[in-house]
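Just so it is clear: chains get the letters A, B, ... in the order the sequence lines come, proteins before strands, and each one is counted from 1. All values derive from a computational prediction rather than experimental measurement.
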Number of protein chains: 2
Amino acid sequence: METSEAVDDYLKAILELGGAEDSRVTTNALAERLGVRTPSVTGMLQKLASQHPALVRYERYRGVRLTANGKRRAWELVRHHRLIELFLHDVLKYSWDEVHEEAERLEHFISERFEDRVAAILGDPEVDPHGHAIPPKHEAGPYRAEVPLVAWPLHKPAVISSVSDRNAVALRELERLGLMPGVALTVEQSTPAAFAVRVQARSSPVRLGNDLAGYIQVAATDRRP
Amino acid sequence: METSEAVDDYLKAILELGGAEDSRVTTNALAERLGVRTPSVTGMLQKLASQHPALVRYERYRGVRLTANGKRRAWELVRHHRLIELFLHDVLKYSWDEVHEEAERLEHFISERFEDRVAAILGDPEVDPHGHAIPPKHEAGPYRAEVPLVAWPLHKPAVISSVSDRNAVALRELERLGLMPGVALTVEQSTPAAFAVRVQARSSPVRLGNDLAGYIQVAATDRRP
DNA sequence: CATATTGTTTAGTGTCAGCTAAATTTCTAG
DNA sequence: CTAGAAATTTAGCTGACACTAAACAATATG
Ligand SMILES: [Mn+2]
Ligand SMILES: [Mn+2]
Ligand SMILES: [Mn+2]
Ligand SMILES: [Mn+2]
């Protein structure tokens with residue numbers, strides 16, 4: 001039941017690419033995400049599928065999904081990752097664009113005890129610095145109701161729910177623009193050429209490239225106070 | 001100039017086995033310390049010696065010592081290890097017998113930034129939970145003047161300088177007996193059968209096995225106040 | 001529906017770091 | 001000073017996990 005760093009990375013990638021619907025993930029998508037070649041992916045998937053207990057269910061030419069065991073480990077890694085990010089940010093004073101890279105490495109190597117102690121001193125937190133939900137110990141999910149900002153209707157109030165943590169340059173830019181989780185806004189313009197949002201309680205609209213907007217996920221403003 | 005976890009472990013072991021005098025370390029000693037077989041050691045030493053830049057100087061049948069480059073990395077690992085131990089103890093509330101195992105893993109994977117931030121929140125500490133000196137950044141040593149308790153003369157005042165961190169059971173026992181760094185004592189009895197010390201400001205002497213005593217290093221009581 | 005394109009797998013290699021068995025060198029004791 | 005013991009190295013393998021080149025399947029398109 002021990003998993004190597006490489007196996008960990010595959011499991012987490014399958015979880016993330018499968019999304020809330022747990023769809024089948026293709027060899028190509030995995031190769032792309034992990035920065036390896038497709039034959040390496042095929043080889044690893046065959047291994048993970050034929051292990052006992054198997055970590056993935058794999059059908060030749062038809063993609064993979066995680067088994068219950070695979071899911072357990074993948075969610076544990078997500079919990080590690082997000083706890084570590086928050087810890088680096090809140091305790092070690094990392095900026096929010098610095099945490100991801102370090103968490104990506106350390107998530108594989110911390111013990112159960114480390115996980116528990118970090119959760120304890122952070123007060124069993126539920127959200128990481130980028131707005132992502134921290135799964136409770138031994139649990140999956142949750143998946144929050146959020147949609148890409150670029151798919152949000154014009155003028156409908158929204159709150160930034162989370163931002164992608166995978167691009168440090170984009171994160172610095174988003175912070176500079178004040179576009180962080182919890183910020184309320186409306187979409188003012190959405191064309192192939194440009195994208196603009198009006199941040200609630202701020203005068204002029206904020207213009208940003210579609211690429212940058214693509215890193216943002218939003219949700220409906222919660223009406224109940 | 002990147003080192004794998006395996007290479008790291010060899011370098012640190014050579015540093016530690018070489019001691020303050022930087023003596024040559026044998027293949028056998030390394031195999032023993034690292035829990036691998038001697039042919040594996042020979043193979044690794046040949047590789048480390050023929051790299052450019054070389055990390056060790058190696059003569060067939062005559063043992064190995066670190067080059068300047070090897071030393072630099074080895075001391076960096078020692079700094080990582082001891083900083084992490086102190087951090088786990090002081091911030092994450094690990095007990096002193098729990099820190100070593102976790103530090104042994106994490107020392108290889110933390111970034112420069114992590115090292116610096118941890119040192120900062122600990123206030124640039126100089127000693128780890130077991131009394132070992134934390135090397136300053138980019139520096140070697142220091143080696144403190146300390147000798148094994150079992151080699152200390154009877155009735156001569158001494159202070160516990162450090163204790164070995166490699167045996168969790170022994171550490172718990174030492175803590176129970178109040179034998180921790182900074183504690184002043186004298187040796188009352190030292191025979192093959194048993195060992196007893198009198199802890200300053202405590203009535204009855206403490207009896208302990210020679211094995212347990214073997215984990216303790218002491219130094220002369222500092223006269224200057 | 002046949003063929004071109006795309007996606008995936010198979011076959012064969014390489015590197016890292018471990019292992020056992022056997023050969024060789026060094027050390028030690030008589 | 002030499003035989004036997006101990007230490008070390010060499011030779012040859014193994015398991016992970018990458019890679020390239022080539023074969024094969026699935027799919028899209030004219
Ligand atoms: Mn992240
Ligand atoms: Mn990872
Ligand atoms: Mn230690
Ligand atoms: Mn180590």
Side-chain angles (χ1 to χ4, degrees), chain A residues 1-14 17-18 23-66 69-70 73-74 77 104-105 107-109, chain B residues 1-14 17-18 23-66 69-70 73-74 77 104-105 107-109:
Chain A
M1 266 289 187
E2 272 294 279
T3 50
S4 69
E5 187 176 0
V7 168
D8 278 357
D9 284 340
Y10 278 88
L11 296 177
K12 196 158 73 108
I14 296 167
L17 294 171
S23 358
R24 286 182 314 209
V25 176
T26 66
T27 301
N28 252 358
L30 280 170
E32 163 84 36
R33 161 72 65 124
L34 294 172
V36 299
R37 303 304 200 141
T38 52
S40 309
V41 174
T42 301
M44 180 62 92
L45 294 183
Q46 290 173 343
K47 195 184 73 170
L48 296 180
S50 59
Q51 259 175 207
H52 288 287
L55 294 170
V56 306
R57 192 138 325 167
Y58 167 64
E59 265 183 291
R60 242 152 114 260
Y61 293 105
R62 328 189 81 73
V64 267
R65 44 179 37 131
L66 297 171
N69 283 312
R73 177 59 180 165
L77 287 163
E104 194 66 19
R105 235 175 318 111
E107 63 186 12
H108 307 287
F109 305 113
Chain B
M1 266 292 186
E2 272 294 277
T3 49
S4 68
E5 188 178 359
V7 168
D8 278 357
D9 284 340
Y10 278 89
L11 296 177
K12 197 159 72 110
I14 295 167
L17 293 171
S23 358
R24 285 182 314 205
V25 176
T26 66
T27 301
N28 252 0
L30 280 169
E32 164 83 36
R33 161 73 65 124
L34 295 171
V36 300
R37 303 304 200 141
T38 53
S40 309
V41 174
T42 301
M44 179 63 92
L45 294 183
Q46 290 173 343
K47 195 183 75 171
L48 295 180
S50 58
Q51 259 175 207
H52 288 288
L55 294 170
V56 305
R57 192 138 326 171
Y58 167 65
E59 265 183 292
R60 243 152 113 259
Y61 294 105
R62 329 190 80 72
V64 73
R65 44 176 39 129
L66 296 172
N69 283 312
R73 177 59 181 165
L77 287 164
E104 195 67 20
R105 236 175 319 111
E107 65 187 11
H108 308 286
F109 305 111

Novice: Once you round it to whole Å, what is the distance between P of C:dT9 and CG of A:L45?
Specialist: 7 Å

Novice: Counting the atoms with a prime plus P, OP1 and OP2 as sugar-phosphate, which does A:T27 contact under 4.0 Å by heavy atoms, base, sugar-phosphate, or nothing?
Specialist: sugar-phosphate

Novice: Go through C:dA11, D:dT9, C:dA17 for me and flag the one nearest to the B:T38 side chain.
Specialist: D:dT9

Novice: B:Y10 has an atom OH; how far is it from atom C1' of C:dC16, in whole Å?
Specialist: 11 Å

Novice: Reckon B:N28 has a side-chain N or O less than 4.0 Å from the OP1 or OP2 of D:dA6?
Specialist: no

Novice: Without decimals, in angstroms, what is the distance between A:M44 CE and D:dA18 C1'?
Specialist: 9 Å

Novice: Tell me: CD of B:Q51 to P of C:dA17, nearest whole Å?
Specialist: 9 Å

Novice: Tell me which one of B:T3, B:V25, B:V36 satisfies side-chain contact (heavy atoms from CB on, under 4.5 Å) with B:Y10.
Specialist: B:V36

Novice: For A:R62 and for A:A6, find the nucleotide of DNA chain D with the closest heavy atom, then tell me which residue's nucleotide is more 5'.
Specialist: A:A6

Novice: Return the value, rounded to whole Å, for the distance between atom NE2 of A:H108 and atom C1' of D:dA16.
Specialist: 16 Å

Novice: In whole angstrom, what separates B:K47's NZ from C:dG14's C1'?
Specialist: 14 Å

Novice: Within the structure, does a side-chain N or O atom of A:S40 lie under 4.0 Å from either OP1 or OP2 of D:dA18?
Specialist: no

Novice: Is B:S4 near enough to C:dA17 that one of its side-chain N or O atoms lies under 4.0 angstrom from OP1 or OP2?
Specialist: yes

Novice: Establish, with yes or no, whether the OP1 or OP2 oxygen of C:dT20 is under 4.0 angstrom from a side-chain nitrogen or oxygen of B:R37.
Specialist: yes

Novice: Give me the atom names and distance for the closest heavy-atom approach of B:N69 to B:P53.
Specialist: ND2-CB, 3.3 Å

Novice: Specify the separation, in whole Å, of atom CD of A:E32 and atom C1' of C:dG7.
Specialist: 14 Å

Novice: Could you tell me the separation between the CD atom of A:Q46 and the P atom of D:dA18, rounded to a whole number of Å?
Specialist: 14 Å

Novice: Given D:dT8, C:dT10, C:dC19, identify the nucleotide with an atom nearest to the side chain of A:T42.
Specialist: C:dT10

